[in-house]
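Down below is the structure, laid out as structure tokens.
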Amino acid sequence: MDYFIKDIVSILKNKIDLPEDEIKRQLEIPPDFKMGDYAFPCYSLSKALKKSPNVIASELAKTLHIRSPVVEIKATGPYLNFFLDKVIFSESVLKKMWDERERYGRNNIGADKTVVVDYSSPNIAKHLAVHHLRSALIGGAIYNIYSALGYNCVGINHLGDWGTQFGQLIVAYKKWGSEVIGKFCTVTDLNNLYVKFHQEAEKDPALEEEAREWFKRLETGDVEARKLWQNFKEASLKEFQKIYDMLGVHFDAFTGESFYNTMVEDTILEIKQKGLARLSEQALIVDLEPYNMPPCLLRKKDETTLYATRDIAAAEYRSKTYNFDKMIYVVGSEQKLHFKQVFKVLELMGYNWANYCVHVDFGLMKFKDGKMSTRKGKVVLLEDLLTEAVERIGKIIEEKNPSLENKDTVAKEVGIGAVIFADLSTKRNKDVIFNWDEVLNFEGETGPYVQYTHARLCSILRKYGKPVTADVNFKLLNEDETVVLIKSLWQFPSVILRAAESYESALICNYLIDVCGNLNRFYNTHRVLSDNEEITSARILLADATRQVIKNGLGLLGIHAPEQM
RNA sequence: GCGCCAGUAGCUCAGUUGGAUAGAGUAUCGGAUUUCUAAUCCGGUGGUCGAGGGUUCAAAUCCUUCCUGGCGCGCCA
């Protein structure tokens, strides 16, 4: 908890007619640090006291008792501005950071609580493309953020490994896959077969019927169908894992839709027993008319189940298995209605945990001239994007720091970091138009900028060469640029909390940009290393604290923080 | 047609949940390094916050109508 806020509240609490919580809620941070450290707006007192807020503020400024760490209370218009003792402030902030180090920003509010996070969840037998980035990265960041708050997280990749398209793939494989059979089967092979199937099916509609039959065989456990499907899945997972490793995205389980196949019948039975299901146009549905929603389809007229059915079964399974306190689905906003329906059905089934399910939606990624589509081959493959980013960074390193060791590793960390940062820095709910130049821009508000700032700090610490100590003269950390920087470092824990509450990893990105801006301004106006040992050791402590915040922040986003670049 | 989301500088986006003078980056123009990595920093140019109406001490933020774009609306996922 922010103990400076507590100090301000305790000065105000018996002097104005508002409950403590309300005072705390109204306290703000002034737009300019020169105005003060905290501000209390006097508008809300205006009505009761029948005075203008300006008058109230200036009266309060005279009557309130100053008490450490507050050193000044000043009225500026309708605001009552509080100034903290700079020395006490920097000392307590930097000492806390020095004590906590890599734990700074962490919290234990989630101790003994479990959060299930469902993210990435691509369809197998297709390549991962740029539009798959958002779910994986946002989900991965949410996983890291909640872990940092002490939650026990379970990351699930709900693979799209079930459905009629696998019937299609089996048909295509059997008919045209001879050049592939017996050899190493890749996602590219599968993708070609998939395209081929759709081309042929236009000429010969009977193929669709054949595919439906094969999918039914798959659902009923036919050995041949099962074996082919298993091959498709293994080939896909192998390629996916390569990309996940590059992106630093981790999963605890790869339980895809097929995993719940055996549970689906029980789920349907249960929904029926609870009197929620009925037949409509030969399909089994849950009527959601009373909730102003279209019905939720459980079973098609050909008896096969649907996505929603499997999602309901999966939710039940996860509840039983993990007994979660929260379940987060990181899935595109085009599925908003789907999740509203699924959550409603779970609620109607009497599960109170349905209220702890959240759909964390995000906007689509598109090209300037329209949607991305695997079928039309209109995609940018993730692997190509990452390779390109790494190559371009490699060239920049060659040009700016040719003597750097581990060039390849650093190029990977920076190139991939740039892609991750670019994707995460836009707030979730905006649609994103994919643009090579934007993702591969390395100047300004970008990942490399943050990493570069970190590397410079590491460089200073390396040159310093001595152990860092928190036993410094804090009075020397009093310049404007220094104070602004320390204040921004102080915000880190609350930023993580806000990011968790709103499921917005972009807040971490924005915050890091802010910290780096403050650091670079500090860096350009003040020298850290000098003959003055007293000043040097104080600034070294600050440099080290900043380095630590950047590293911790990047870690939450899944981005490496190289020490040189 | 109905529902959800978005609209802020030429472009990409912030805006602390209704508060102080709407901010960054990019682009463009100009400037900063004998000293810690110039992937940096400083300054100039750039705004009817999509439009109208309403709510109040105060609206980019809330309510309403409209415009534009995106997505969704029963046998795909």
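Below, read A as the first sequence line, B as the second, and so on, with proteins coming before strands; counting in each chain starts at 1. Treat the numbers as computed from the prediction; the structure is a model and nothing was measured.
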With rounding to the closest Å, how many angstrom separate the [atom1] atoms on [N] and [M]?
N	M	atom1	answer
B:C4	B:G44	C1'	43 Å
B:A24	B:A58	P	28 Å
B:G47	B:G1	C1'	37 Å
B:G23	B:U45	P	13 Å
B:A60	B:G69	P	26 Å
B:G31	B:C36	C1'	22 Å

### Message
Please enumerate all residues that pass side chain to side chain donor-acceptor pair (under 3.5 Å) together with A:Ser236, with sequence neighbours excluded.
### Response
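With neighbours one apart ignored, the set is empty.
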#### Entry: With sequence neighbours excluded, residues passing side chain to side chain donor-acceptor pair (under 3.5 Å) with A:Thr164
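Counting only residues at least two positions away or on another chain, A:Thr164 forms no side chain to side chain donor-acceptor pair (under 3.5 Å).
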Would you mind writing out the side-chain donor-acceptor pairs for residues 450-467 of chain A within the sub-3.5 Å range, not counting sequence neighbours?
| residue | atom | partner | partner atom | Å |
| --- | --- | --- | --- | --- |
| A:Gln451 | NE2 | A:Glu413 | O | 3.3 |
| A:Gln451 | NE2 | A:His560 | O | 2.9 |
| A:Tyr452 | OH | A:Arg456 | NE | 3.4 |
| A:Thr453 | OG1 | A:Tyr449 | O | 2.7 |
| A:Thr453 | OG1 | A:Asn520 | ND2 | 3.3 |
| A:His454 | ND1 | A:Pro562 | O | 3.1 |
| A:Arg456 | NH1 | A:Asn520 | OD1 | 2.9 |
| A:Arg462 | NH1 | A:Glu563 | O | 3.4 |

#### Entry: Given A:Glu219, A:Glu281, A:Glu265, the one that forms salt bridge (Lys or Arg N to Asp or Glu O under 4.0 Å) with A:Arg299
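Of the listed residues A:Glu219, A:Glu281, A:Glu265, the salt bridge (Lys or Arg N to Asp or Glu O under 4.0 Å) partner of A:Arg299 is A:Glu265.
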[N] phosphate, OP1 or OP2: any side-chain N/O from [X] under 4.0 angstrom?
X	N	result
A:Lys400	B:A39	yes
A:Lys300	B:C76	yes
A:Tyr307	B:A77	no
A:Lys427	B:G15	yes
A:Ser459	B:U37	yes
A:Arg539	B:C36	no

Mind checking if [X] touches a base, just sugar-phosphate, or nothing, with heavy atoms under 4.0 Å?
X	answer
A:Leu529	base
A:Arg428	nothing
A:Pro294	sugar-phosphate
A:Asn123	sugar-phosphate
A:Ile285	base
A:Pro30	base
A:Asn81	base
A:Tyr43	base
A:Gln451	nothing
A:Ile397	base

Given the side-chain rings of [X] and [Y], with only the six-membered ring counted for Trp, is the space between their centroids under 6.0 Å?
X	Y	value
A:Phe232	A:Tyr194	no
A:Phe492	A:Tyr511	yes
A:Trp214	A:Phe166	no

Checking [X] now: which residues fulfil ring pair (Phe, Tyr, Trp, His ring centres under 6.0 Å) with it, not counting sequence neighbours?
X	result
A:Phe362	none
A:Tyr503	none
A:Phe434	A:Trp436
A:Phe197	none

If you check every side-chain atom of [X], which of [options] has the closest atom?
X	options	answer
A:Lys463	B:G74, B:C75, B:C36	B:C36
A:Ala455	B:G15, B:G74, B:U37	B:U37
A:Asn401	B:A14, B:U37, B:A20	B:U37
A:Met565	B:U21, B:A39, B:G74	B:A39
A:Lys430	B:A39, B:A77, B:G7	B:G7
A:Ala283	B:A14, B:C75, B:A20	B:C75
A:Glu445	B:A20, B:G25, B:G74	B:G25

### Message
With syn defined as a glycosidic angle within 90° of 0 and anti as the rest, where does B:U17 land?
### Response
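Nucleotide B:U17 adopts syn.
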What side-chain donor-acceptor pairs closer than 3.5 Å can you find for residues 51-61 of chain A, not counting sequence neighbours?
| residue | atom | partner | partner atom | Å |
| --- | --- | --- | --- | --- |
| A:Lys51 | NZ | A:Glu59 | OE1 | 3.0 |
| A:Ser52 | OG | A:Val55 | N | 3.2 |
| A:Ser58 | OG | A:Asn54 | O | 3.2 |
| A:Ser58 | OG | A:Val55 | O | 3.1 |

### Task
Please collect all salt bridge (Lys or Arg N to Asp or Glu O under 4.0 Å) contacts where either partner lies in residues 519-543 of chain A, sequence neighbours excluded, each pair once.
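Qualifying pairs, neighbours excluded: A:Glu479-A:Arg539.
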### Message
With a 6.0 Å cut-off (strictly less than), is the heavy-atom count around CG of A:Asp32, excluding the residue itself, greater than 12?
### Response
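Enclosed: over 12 neighbouring heavy atoms sit under 6.0 Å from CG of A:Asp32.
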### Task
Go through RNA chain B and write down every stem, that is, every run of at least three consecutive Watson-Crick or G-U wobble pairs with distances under 3.5 Å, as range with range.
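When the pairs of RNA chain B are grouped into runs of at least three, the stems are B:1-7 with B:67-73, B:10-13 with B:23-26, B:28-32 with B:40-44, B:50-54 with B:62-66.
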#### Entry: Neighbours of RNA chain B within residues 516-528 of chain A, by heavy-atom distance under 4.0 Å
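Going residue by residue through residues 516-528 of chain A, the ones with a heavy atom under 4.0 Å of RNA chain B turn out to be A:Asn520, A:Arg521, A:Tyr523, A:Asn524, A:His526, A:Arg527, A:Val528.
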Dump the pairs, protein N or O against N or O of nucleotides 67-70 of chain B, anything under 3.5 Å, distances to one decimal.
| residue | atom | partner | partner atom | Å |
| --- | --- | --- | --- | --- |
| B:G70 | O2' | A:Asp431 | OD2 | 2.9 |

### Query
Is there a donor and acceptor pair closer than 3.5 Å between the side chain of A:Asn441 and the base of B:A39?
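Flag unset: no donor-acceptor pair detected.
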